[in-house]
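Below: one structure, written as structure tokens.
Letters A, B, ... are given to chains in the order of the sequence lines, protein chains preceding strands, and every chain is numbered from 1. The figures that follow rest on heavy atoms only: side chains count, while hydrogens, waters and symmetry mates do not.
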Number of protein chains: 4
Amino acid sequence: MPTKKKPQVTAAPARRRELLDTAAEVFAEQGYNATTVRKIADHAGMLAGSLYYHFDSKESMLEEILRTFLDELWAGYDTVLAAESGPRETLEALVTESFREIDRHRAAVAIYQKESKQLVAQERFGFLVESQRRFEKAWLSTLERGVAAQVFRADLDMRLTYRFVRDTVWVAASWYRPGGQHSPEEIARQYLSMVLDGIAVREQPQ
Amino acid sequence: MPTKKKPQVTAAPARRRELLDTAAEVFAEQGYNATTVRKIADHAGMLAGSLYYHFDSKESMLEEILRTFLDELWAGYDTVLAAESGPRETLEALVTESFREIDRHRAAVAIYQKESKQLVAQERFGFLVESQRRFEKAWLSTLERGVAAQVFRADLDMRLTYRFVRDTVWVAASWYRPGGQHSPEEIARQYLSMVLDGIAVREQPQ
Amino acid sequence: MPTKKKPQVTAAPARRRELLDTAAEVFAEQGYNATTVRKIADHAGMLAGSLYYHFDSKESMLEEILRTFLDELWAGYDTVLAAESGPRETLEALVTESFREIDRHRAAVAIYQKESKQLVAQERFGFLVESQRRFEKAWLSTLERGVAAQVFRADLDMRLTYRFVRDTVWVAASWYRPGGQHSPEEIARQYLSMVLDGIAVREQPQ
Amino acid sequence: MPTKKKPQVTAAPARRRELLDTAAEVFAEQGYNATTVRKIADHAGMLAGSLYYHFDSKESMLEEILRTFLDELWAGYDTVLAAESGPRETLEALVTESFREIDRHRAAVAIYQKESKQLVAQERFGFLVESQRRFEKAWLSTLERGVAAQVFRADLDMRLTYRFVRDTVWVAASWYRPGGQHSPEEIARQYLSMVLDGIAVREQPQ
DNA sequence: AATGAATGAGACTTCATTCAT
DNA sequence: GATGAATGAAGTCTCATTCAT
């Protein structure tokens, strides 16, 4: 007598994942609001109503997409932070990890970038606020450690620098295409080179 | 002769401007799709239908907001480019001008950032494509002149650098609040310092 | 020979009965329209689609519930009427029998009360009209016999009296709970006492 | 700058009332759940979406119908109760007032009868519970006063009597048609005669 | 210039029902 | 006997837009 009401959480994770990937792609391409469930269903080869066998609502699809992404992101970040390397190495590892996540979850990252500002107002998406707090703390403390250790410049406004680095990395999701000519690691290397050393030619010592 | 059906272009340009500013604010805050004409009207203290005395459609409001912004942006950029300064000075002037535009047209910039990707597909917004092309040319050629003149590093992927600089600047519109503690010029100076020289401490030559 | 497509009528009548009882309970509680087959299936510990192995449709469940109830009701009424007792005894027997049916088929009675007005318009539920006709005839003729025999008052509008008695009895299904403190027979006795003698105290003849 | 958002409460009460009357008629005839907003709109000669200019939702229409009815009902009952007549006169006045309300708000009463059991579970319809409590108190205390004053029989279960009287009166809304051959007052008189004195012929004193 | 009322298209969602397994 | 997945019709509601006043 297993009065199961919602197959949403337990059953057939494979189909769910497929559908969520499809939905994420469409959300990223057209924007969440402009995406109709009919479009998602079309891409999945089914009728709009059929999606509701798998999900409670359009919004719950969005939520699951973002949660899944953030869970993976934090698994990666936590590994980096647990290593307790020096500030420069930590920064490099965070940037590299970020580009890897963009590579793996491009759609989710793009959605996050575009929609999170609106979503945080809703209780259901409170987990975004939580994540943002942890995110800021991880980056800001790394930068601060770097200033203290005299590997990062002390003459810059720390919050400005934080936003600079943060945006620089994540905005890449808007143009990045997986399978392009640069691997995530390669892009990370170039970004780091710019962020750390600047784009101006250094006056040669001597 | 003056019996026009559509007073949209002629009558009371001051009121139009007010309404467009209101609309831009709401578009920026809530997203174009999520903004109903009712919300705009609420903010303007009138009923939704009344807006149609002033504008043809919600879309035409969006178009006018973006056109006005781009017109001003290009007036500024063209002045900078016409000066034909050296590449580093040009870069600095472009960045500074950009932050000034963000200061003056924060809402329009935010809308542009968020919506342009979708809009360019529509013929009506073809002017965005045109602007993007000019934009890319202005920045890329400045960077290339800098590499040729050996003031910018030659070991970086030029397109990656372009995107880096472009995003670095414009993404600021998402968090910038006019009247904050930093003036646009001050923000520009710090950004330029990071972009040009990096955030890492330079090893002192001997 | 026994290769039937629709086992609906033959197979496992016990299970059918169980499921119909479950369905009747839910229909009575939530209303026919507001009851989804999913809810019925939940209560029965199965999935919605599985019900269609046992029944053709939600409507056919409703039909069978009502038919079963009316069949039993008429078996009881016919026994009473066949006894050809005096009008007062017949009235008492009909009321008592009615409360017994409410006791046994509370859910079906509640459904009947609430939905029959809508259902009679459908051909499939024509049997309800037929039953109502017989019902009215049985009660009305008993009342008329009582008036003729001078055991019921002659100064009342007969149809009004009919509705009064009818409603008085059947509306009880909306609040009656089997297993309560009063047996059906006890409730019948009190109702009859009120209906026959009124609730006012009689002035004692001298 | 009156940023009015909901014309629902203030403007044009006449049209609202018309539409609510139409809706009540359809709800009463077909049941709330089975009534589509399209049907209401059809009856009102407009499109389904247009109803939403006047009302927030189908449910809010139902709420307003029931509230309006109960407000009027209580205005009448309160007048009766304030008179502080003897129990028999009070009972007669309550019954008469009830039939007058049925005459004036037939549709609302029918809706109330059919739907209230489901509705009370929703917070929005909490006022129904409140009304039921007052209702029961008014009737029950009248009956109890009557028993104490020896004008009503003492040998009956008081709650059973309450339900009997209550249902007897209100169920009439299911068959009552205004403009029929009996006025509300005439129906009340006959009902009272049955309820108070019963339908059986009294044995003549002497 | 603005209001009040309505239109009509389209959105999200529900649900009875089907059917291969 | 039952499940899991899907269909397709219909329902409630939203919203840009129109227009007489």
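- When atom types are taken as modelled, the side chain of A:Ser131 and the backbone of A:Phe127 share no donor-acceptor pair closer than 3.5 angstrom.
- Considering only the side chain of A:Leu47, F:dG8 comes nearest among E:dG4, F:dG8, F:dT17.
- Distances shorter than 4.0 Å separate some side-chain N or O of B:His54 from OP1 or OP2 on E:dA2.
- Between C:Glu64 and C:Arg67, the closest side-chain pair of non-hydrogen atoms is not below 4.5 Å.
- Spacing between atom CE of C:Met46 and atom P of F:dG4 amounts to 13 Å, rounded to whole angstrom units.
- Residue whose closest nucleotide on DNA chain F sits further toward the 5' end, between C:Ser50 and A:Gly49: C:Ser50.
- Base pairing annotation: E:dT21 forms a Watson-Crick or G-U wobble pair with F:dA2, both donor-acceptor distances under 3.5 Å.
- With F:dT3, F:dG11, E:dT13 as the candidates, the nucleotide lying closest to the side chain of A:Val37 is E:dT13.
- For B:Glu29, the CD atom is loosely surrounded, since the number of other residues' heavy atoms within 6.0 Å does not exceed 12.
- Remark: side-chain polar atoms of D:Lys58 are paired, donor with acceptor, to backbone N or O of D:Thr35 under 3.5 angstrom.
- Taking atom CG on A:Asn33 and atom P on F:dT14, their separation rounds to 15 Å, with Å as the unit.
- Nearer to the 5' terminus of DNA chain F, by closest-nucleotide assignment, is the contact made by A:Leu19 (compared with the other of A:Leu19 and D:Ala48).
- The ring pair (Phe, Tyr, Trp, His ring centres under 6.0 Å) with A:Phe27 is formed by just one residue from the set A:Tyr32, A:Phe69, A:Tyr112; it is A:Tyr32.
- Using a 4.0 Å cut-off, no side-chain N or O of A:Tyr53 falls inside it from OP1 or OP2 of F:dA6.
- When Watson-Crick and G-U wobble pairs are counted only if both distances are under 3.5 Å, E:dA9 pairs with F:dT14.
- Of the candidates F:dT12, F:dA5, F:dT18, the closest approach to any side-chain atom of B:Tyr52 belongs to F:dT18.
- Atom-to-atom, NZ of D:Lys39 to C1' of F:dA10 comes out at 11 Å; the value is rounded to the nearest Å.
- The C:Lys58 side chain lies nearest to E:dA16 when the options are E:dA16, F:dG1, E:dT13.
- In this structure, C:Arg38 does not reach the E:dT14 phosphate: none of its side-chain N or O atoms is under 4.0 Å from OP1 or OP2.
- With a 3.5 Å ceiling on both atom-pair distances, the Watson-Crick or G-U wobble partner of E:dA16 is F:dT7.
- Computed from coordinates, the D:Arg16 CZ to E:dA6 C1' distance equals 16 Å when rounded to whole Å.
- Residue contacts shown for B:Thr35 are limited to sugar-phosphate atoms, with no base heavy atom under 4.0 Å away.
- Going from atom CG of A:Leu51 over to atom P of E:dT14 covers 13 Å, rounded to whole Å.
- Per the geometry, CG belonging to A:Leu62 stands 12 Å off P belonging to E:dT13, to the nearest Å.
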Checklist entry - Can A:Arg124 and A:Glu63 be said to form a side chain to side chain contact (heavy atoms under 4.5 Å, CB included), step by step? => result CA-CA 8 Å; A:Arg124 150 170 234 167; A:Glu63 182 184 343; 2.4 Å; yes
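- What separates CD1 of A:Ile40 from P of E:dG10 is a distance of 18 Å, to the nearest Å.
- With rounding to whole Å, A:Asp56 atom CG is found 15 Å from E:dC15 atom C1'.
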